[in-house]
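Scope of the values below: all heavy atoms of this structure, side chains included, with no hydrogens, waters or symmetry mates. Here is the naming used below: chain letters follow the sequence lines, and residue numbers restart at 1 for every chain. Every value quoted in this text rests on a predicted model; they were computed, and no experiment measured them.
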Amino acid sequence: MRIGERKRIIIHVDMDHFFTAVEERRHPEFRGKPVIVGADPKGGKGRGVVSTCNYEARKFGVKSGMPISRAWKLCPDAVYLPVNYELYEKVSREIMNILRKYADKFEQWSIDEAFLDVSSRVKSYEEAEILAKKIKREILERVGLSCSIGIGPNKLVAKIASDYHKPDGLTVVRENEVEKFLSPLPVRKLLWVGWKTEQKLKKLGIKTVGELANFDPSMLIEVLTKHILQNSNS
DNA sequence: CATGGTGGTATT
DNA sequence: AATACCAC
């Protein structure tokens, strides 16, 4: 650590099934039913993909990014809605304006996710957890939506932590818990490890984060630079 | 049959 | 500029 550098505490906020949650907010009659936002299914013949689905739809096996025709086969009785970006962006701005207040450094990551560096606002992870609960309550009361939050010493860990308990989750990973937390997770959870990289790592017999790096940082960097992956490809 | 749209980084 | 990843 360089002189003057402090340990950081990062909060990652991820809205729960954002697009469908916004739709349910203005259509209470949809609550409790499977709701799918995405391309027009056209009775099973539609093209395009599922953008977001709520948890009732996920019970039928529907997932984000899935072809809408497959979603139709799995759950023809769901409420199908087109993507209303203007509306979601308006709600997103309301949420981001709330979150911004709590951060020294604020980074919007997508329409429904953001990183908050709260290092100088809190003195401990306990305080960060209290702040996170306050944030969740404010978004629920003022916007009417729930979110999941992860707290960690860096953005990678905070983002993975927010995904750990969903929906309406709050997961705290302290510095001394990072290795224990990450080790058993599939490599796919890491940022920058998508489908292609996952397949290449699988050929090397690497499925978990622990296997990937064995927590030798130089090994982690080396693998992620992808030179090893390209050389071992096919 | 069965894969959108947009924006980002890295490499060549 | 093109390619190939990645993210939501």
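If you measure from atom CZ of A/Phe19 to atom C1' of B/dT6, you get 11 Å, rounded to the nearest angstrom. Remark: C1' of B/dT3 and NZ of A/Lys42 are 15 Å apart, rounded to the nearest angstrom. Between A/Glu198 atom CD and C/dC5 atom P there is a gap of 14 Å when expressed in whole angstrom units. Remark: P of C/dC8 and CH2 of A/Trp195 are 17 Å apart, rounded to the nearest angstrom. Rounded to an integer number of Å, the gap from CE of A/Met66 to C1' of B/dG4 is 15 Å. Spacing between atom NZ of A/Lys155 and atom P of B/dT9 amounts to 11 Å, rounded to whole angstrom units. Taking atom CZ of A/Phe115 as the reference point, atom C1' of C/dA7 lies 11 Å away to the nearest angstrom. Atom pair A/Lys196:NZ and C/dC6:P shows a separation of 8 Å (rounding to whole Å applied).
Closest to the A/Trp109 side chain, of the nucleotides C/dC8, C/dC5, B/dA2, is C/dC8. Among the nucleotides B/dT3, C/dC5, C/dA7, the one closest to any side-chain atom of A/Val49 is B/dT3.
Donor-acceptor pairing under 3.5 Å is lacking for the side chains of A/Asp168 and A/Ser146.
Using a cut-off of 4.0 Å between Lys/Arg side-chain N and Asp/Glu carboxylate O, A/Asp77 and A/Lys33 are scored as not salt-bridged. The existence of a salt bridge linking A/Lys90 and A/Glu94 is confirmed by a sub-4.0 Å separation between a basic side-chain nitrogen and an acidic carboxylate oxygen.
Spacing of C1' atoms, B/dT3 relative to C/dC8, comes out at 15 Å, to the nearest Å.
Although no hydrogens or angles enter the test, the distance criterion places no donor-acceptor pair under 3.5 Å between the side chain of A/Ser51 and the main chain of A/Gly38. Side-chain atoms of A/Asp104 come within 3.5 Å of backbone N or O of A/Ser120 as a donor-acceptor pair. Side-chain atoms of A/Lys136 come within 3.5 Å of backbone atoms of A/Cys147 as a donor-acceptor pair (strictly under, hydrogens ignored).
Residue A/Arg47 is classed as a sugar-phosphate contact, given heavy-atom separations below 4.0 Å to backbone atoms only. Among the heavy atoms of the strands lying under 4.0 Å from A/Lys159 are primed sugar atoms or P, OP1, OP2 only; no base atom is included.
Distances shown here put every side-chain N or O of A/Ser110 at or beyond 4.0 Å from the OP1 or OP2 atom of C/dA7. For C/dC6, the OP1/OP2 oxygens have a side-chain nitrogen or oxygen of A/Thr197 closer than 4.0 Å. Under 4.0 angstrom from either OP1 or OP2 of C/dC6 there lies no side-chain N or O belonging to A/Arg188.
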Do any side-chain atoms of residues 124-132 of chain A form donor-acceptor pairs under 3.5 angstrom with protein atoms, and if so which ones, sequence neighbours left out?
from	atom 1	to	atom 2	distance (Å)
A/Ser124	OG	A/Glu126	N	3.4
A/Ser124	OG	A/Glu126	OE1	3.4
A/Ser124	OG	A/Glu127	N	3.1
A/Glu126	OE2	A/Arg174	NH2	3.1
A/Glu127	OE1	A/Lys123	N	3.0
A/Glu127	OE2	A/Lys123	NZ	3.1

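Helical stems in DNA chain B, defined as runs of 3 or more consecutive Watson-Crick or G-U wobble pairs with donor-acceptor distances under 3.5 Å: B:5-12 with C:1-8.
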